[in-house]
Amino acid sequence: MISSRYNPAEVENKWYEYWTNQKYFHSEPDEREAFSIVIPPPNVTGILHMGHMLNNTIQDILIRKARMEGKNACWVPGTDHASIATEAKVVQMLREKGIKKGDLTREQFLEYAWEWKEKYGGIILEQLKKLGASCDWDRTAFTMDKERSSAVIKVFVDLYKKNKLYRGKRMINWDPEAKTVLSNEEVLYSMEQSKLYHVKYQIADTDEFLTIATTRPETIPGDSAVAVHPEDPRYTHLAGKKVIVPIIGREIPIIMDEYVDMEFGTGALKVTPAHDVNDYEIGLRHNLDIIDVFNEDGSMSTEATIYLNEDRFIVRKKFAKDLDAAGHILKIEDYQNNVGRSERTNCVIEPRLSLQWYVDMKSLAGPALDAVLKDEVEFFPKNQKNTYRYWMENIKDWCISRQLWWGHRIPAYYYNDEIFVAETFEEAFEQAKLKFPDIALENLRQDEDVLDTWFSSWLWPISVFDGFNDRKELDYYYPTSVLVTGWDIIFLWVARMIMAGYEWEEKRPFNQVYFTGMVRDKLRRKMSKSLGNSPDALKLIDTYGADGVRFGLMSCSPAGGDLLFDEKLVEQGRNFSNKIWNALRLVDSWDVDHTGTANAGNQLAYNWISNKINALAGDIQKNFEEFRISEAVMSIYSFVWNDFCSWYLEMVKPPFGEKIDIQTKENSIDIFSRITSLLHPIMPFITEEVWHLLKHRSEGEDCMLSQYPQPAPFDSVLLDRVEQAKDIITNIRDIRNKNSIKNAEALDVVLLKSERANALISFEGWTELCTKLANLNTITITTDENIAGAAFISGTEKCIVLMQKEIDTEKVIEEKTRELEYQIGFVKSVEAKLNNERFVSGAPATVVDKEKAKLADGLERVKILEEELKRLGNL
RNA sequence: GGGAGAUUAGCUCAGUUGGUUCAGAGCACCUGCCUUACAAGCAGGGGGUCACUGGUUCGAGUCCAGUAUUUCCCACCA
């Protein structure tokens, strides 16, 4: 007995457990074609959010479909150690326990971190299971596990040997909260409201003042010069003079540099080489002192000489007050400027001079750029190619060292000023001994820093198959088939993976990249914790079922475009599940007449839906090829709801209390099964359940292993004929509605005699369908053009519904008149076109023929309408 | 400052190579229905000068130019 209501939670748990027990998600290399996807590894600290759900639903759809198409589908799951984010979490956790990171040794800290990872690191993967993700869980990888770590170390050593890695002292982005350097890609800029302070500097040995404008008065103690433009007439007389740094009292030179914009502020710029990229450049040109006024946590350093150890933003206010009190502030303006913040800690970035490791990216970019431009790696949507191209052509070196503990420790070892790079300490020591035979073991020191998280991520498509150690799996699964990810990490991750792929495999890492958009709320705001507009993913699954959520997300997610999430979408998904469930209940409830055969109507219905599903499979295939997944989803939705439920099932449904012939029942189960297969990748759970409830299946004969329906030839004439039947039925229903005729009241319908009408009515099964769905006594042909009743045109056939009672002719006349006007207009426009010599000679013959046919049809309709109006006495 | 998109129904979006029966879908809306699969439903229906202006063409939602509005990316002037 099938329950009257679908219970997603129960069904979903049951099937997920079954699938995993059967090892259906597991893949091993074999003779079949491989279809592989590597998951964008979520942060080990992460919990499932809408972005993950969208992203992973798409991957699961692609993987399940490929699996059903007979490919050896392998979806590799895993997590990312997320260096900064995780370390921040662990530090916070320790703080709550009253432990300071600074009081721990590296080893002690890492012990806590691993403990934390073991405890919380698997949560997000468990959540993915709730969504139905058919990952090969036996392959679950972690960017810091043995194989992945080994890949990272090997690659570092390899790059160093190839001279594509170097250590350099440069201005970098410093995150004072995490106390580490960040790459440019990890800094997010946004316009923020701030103040522009106009500060007066006294010119040494005079009573004159020079006014500069700055947003950062707290860096004044770090000033090394004041710069003006060499051609600025206001200041040329100051060449060679000095100014006194307010309050601090140091004398610094006035320098001339073309970098200065005369139009901005006062045209005078304070130069703080330690704390601004441009100032640093100026400093180099003029040989200025570098005075670093901040500690690594963003508090004032001893070099600042003031407000020692107080935070930079507090000092900004205090120092501004001091300046004002001393008469140095001319004015303070409101000002919008672009502030860079750490992607992970959201802390304002401090430019800082520092010694770090870099990858020479120009040496890697070439093949990776070509690959995308030539569509060797295909981007969907295409326009992301431009973004990629621009970045690759202007690529900057990648700063990969991080002043953290959680991550891959850099395999660089130092002795005196010498660097030794090797996979192990022992190897490094051997190298060192060659150069310094007397070196003591304890004097060789490993670099304290770890590598950027992305330094392991960029190897992911190779390293998940342990490709740096064993080629067996890699040769089979690599290149992976498609990467599904957000465009926001195109530089951080996608571009670098492509570079790594060509550098170490000389092959693309994936054939295609599908970029998903951001999930936003319906007001287009980003989903965020602070706005509270991000729905709880698991709660959504609880409420609407994983299938409902998957459907909702997919029904409205244009490629590359943002998804404006509205709970209505998943509600529609749940309703769809319900619809399918009820269709199952209907089919299941049919008692079978074993002796009967399908009547002409049922036979036609089956032929029709069967042809229709062939056509549908073609559309779906095409849509998938272009990653138009939401279109594929909606076309199935519409097919199931409209064609299958509203039309097909109504066509064949036996009258209450009657049995159905065995043939039609089996046909219906056959169609329903094909539907569940088509729908399975999108809604895996309910389809599996329905598949098994439709009929008895042998052991292991499951929907997720069934064959995905492939495009097949279809009879378009048949489809047209049934469309016409549907049109007639709809028209009759409309007449019922407009004239308040109960459905129970059977009607008689006549078609005006014509060749086509004759053909129609003799079309096998056609009259049965009309009779059943419109509840007719009869549908016949007449030659009597003046027969009374409610008339309508279907195609070019005039149909008349014979009425028992008088109809409201006024409304009908109005309607018909409007339609006539439209048809006359239409005919005129077609005639005009056909009378246009240039059209007839210029347009292709097929187009002209089409127009002629249109004209003929149009004239026919005009004729019918005119006659009808004449009959109604209004012409 | 440089670049890439977008603008079609109340909302979110399709609309492939220009062909008019090509103005579409879902949701929302309106009307009538608790008709034994389904009110999480059924049947029917009404909504659009395709941002604006010009151009190319026999023909433009579709191609070109300009304008307006807007989103995003990159760079960045303190």
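In the text below, chain A, chain B and the rest are named by the order of the sequence lines, each starting its count at 1.
A:Phe380 carries A:Lys382 over the face of its six-membered ring, with the cationic atom under 6.0 Å from the centre and within 45° of the normal. In this structure, A:Lys385 is not positioned above the aromatic face of A:Phe379 in the sense of NZ or CZ being under 6.0 Å from the six-membered ring centre and within 45° of the axis.
When heavy atoms are screened at a 4.0 angstrom cut-off, A:Lys270 is found touching no nucleic acid atom at all. A:Phe656 comes within 4.0 angstrom of a base, heavy atoms only. The residue A:Tyr335 sits close only to the backbone: its heavy atoms come under 4.0 Å of sugar-phosphate atoms, none of a base. At a threshold of 4.0 angstrom between heavy atoms, the contacts of A:Asn578 include nucleobase atoms, whether or not backbone atoms are also involved. Within the nucleic acid shown, A:Gln572 comes within 4.0 Å of sugar-phosphate atoms alone, with no base atom in reach, counting heavy atoms only. When heavy atoms are screened at a 4.0 angstrom cut-off, A:Arg389 is found touching no nucleic acid atom at all. Residue A:Gln336 is classed as having no contact, given no heavy-atom separation below 4.0 Å to the nucleic acid. Among the protein residues, A:Arg216 comes within range of no part of the nucleic acid, since none of its heavy atoms lies under 4.0 Å from any strand. Looking at heavy-atom distances under 4.0 Å, A:Trp590 makes no contact with the nucleic acid at all. Across all strands, A:Asp261 comes closer than 4.0 Å to base atoms (heavy-atom distances). Within the 4.0 angstrom heavy-atom criterion, only backbone atoms of the sugar-phosphate kind lie near A:Leu564; the bases stay farther away. Residue A:Lys653 is classed as a base contact, given a heavy-atom separation below 4.0 Å to a base. Looking at heavy-atom distances under 4.0 Å, A:Thr387 makes contact with sugar-phosphate atoms alone, never a base.
The separation of B:rU7 from B:rU17, taken at their P atoms, amounts to 15 Å, rounded to a whole angstrom. When the P atom is compared between B:rC52 and B:rU36, the two are found 50 Å apart, to the nearest whole Å. Rounded to whole Å, the C1' atom of B:rG44 lies 46 Å from the corresponding atom of B:rA4. Rounded to whole Å, the C1' atom of B:rG24 lies 16 Å from the corresponding atom of B:rG46. Comparing the same atom, P, in B:rA43 and in B:rC27 gives a spacing of 12 Å after rounding to whole Å. For B:rA9 and B:rG47, the C1' atoms lie 6 Å apart once the distance is rounded to whole Å. Nucleotides B:rC29 and B:rG66 are separated by 39 Å at their C1' atoms, to the nearest Å. Taking atom C1' on both nucleotides, B:rC72 is separated from B:rA78 by 27 Å, rounded to a whole Å.
Counting only heavy atoms from C-beta on, A:Leu269 has its side chain closest to B:rA78 among B:rU20, B:rA37, B:rA78. When each of B:rA43, B:rA37, B:rG41 is scored by its nearest atom to the side-chain atoms of A:Trp641, the top-ranked nucleotide is B:rG41. Minimum atom distance to the side chain of A:Tyr637 is reached by B:rC27, of the listed B:rA43, B:rA4, B:rC27. For A:Phe491, whose side chain is taken as the heavy atoms from C-beta onward, the closest listed nucleotide among B:rG45, B:rC74, B:rG41 is B:rC74.
OP1 and OP2 of B:rA40 both lie 4.0 Å or more from every side-chain N or O belonging to A:Arg574. Distances shorter than 4.0 Å separate none of the side-chain N or O atoms of A:Arg585 from OP1 or OP2 on B:rA37.
The line from OG1 of A:Thr730 to CH2 of A:Trp647 is 4.0 Å long, rounded to the nearest 0.5 Å.
For A:Lys659, the NZ atom counts as loosely surrounded, since its 6.0 Å shell holds 12 or fewer non-hydrogen atoms of other residues, nucleotides or ligands.
When atom types are taken as modelled, the side chain of A:Asn775 and the backbone of A:Asn743 share a donor-acceptor pair closer than 3.5 angstrom.
Nucleotide B:rG47 is shown with a syn base, its glycosidic torsion being within 90° of 0.
Judged by Watson-Crick or G-U wobble contacts below 3.5 Å, the nucleotide B:rC58 has B:rG19 as its partner. As the counterpart of B:rG41, B:rC33 is assigned, both hydrogen-bonding distances of the Watson-Crick or G-U wobble pattern falling under 3.5 Å.
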_Walk me through whether A:Glu192 and A:Arg341 qualify under side-chain contact (heavy atoms from CB on, under 4.5 Å)._
CA-CA 11 Å; A:Glu192 292 187 17; A:Arg341 288 176 179 272; 2.7 Å; yes
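The distance from atom CG of A:Asn383 to atom C1' of B:rC74 is 15 Å, rounded to the nearest whole Å. The CG atom of A:Asn575 sits 9 Å away from the P atom of B:rA28 (whole-angstrom rounding).
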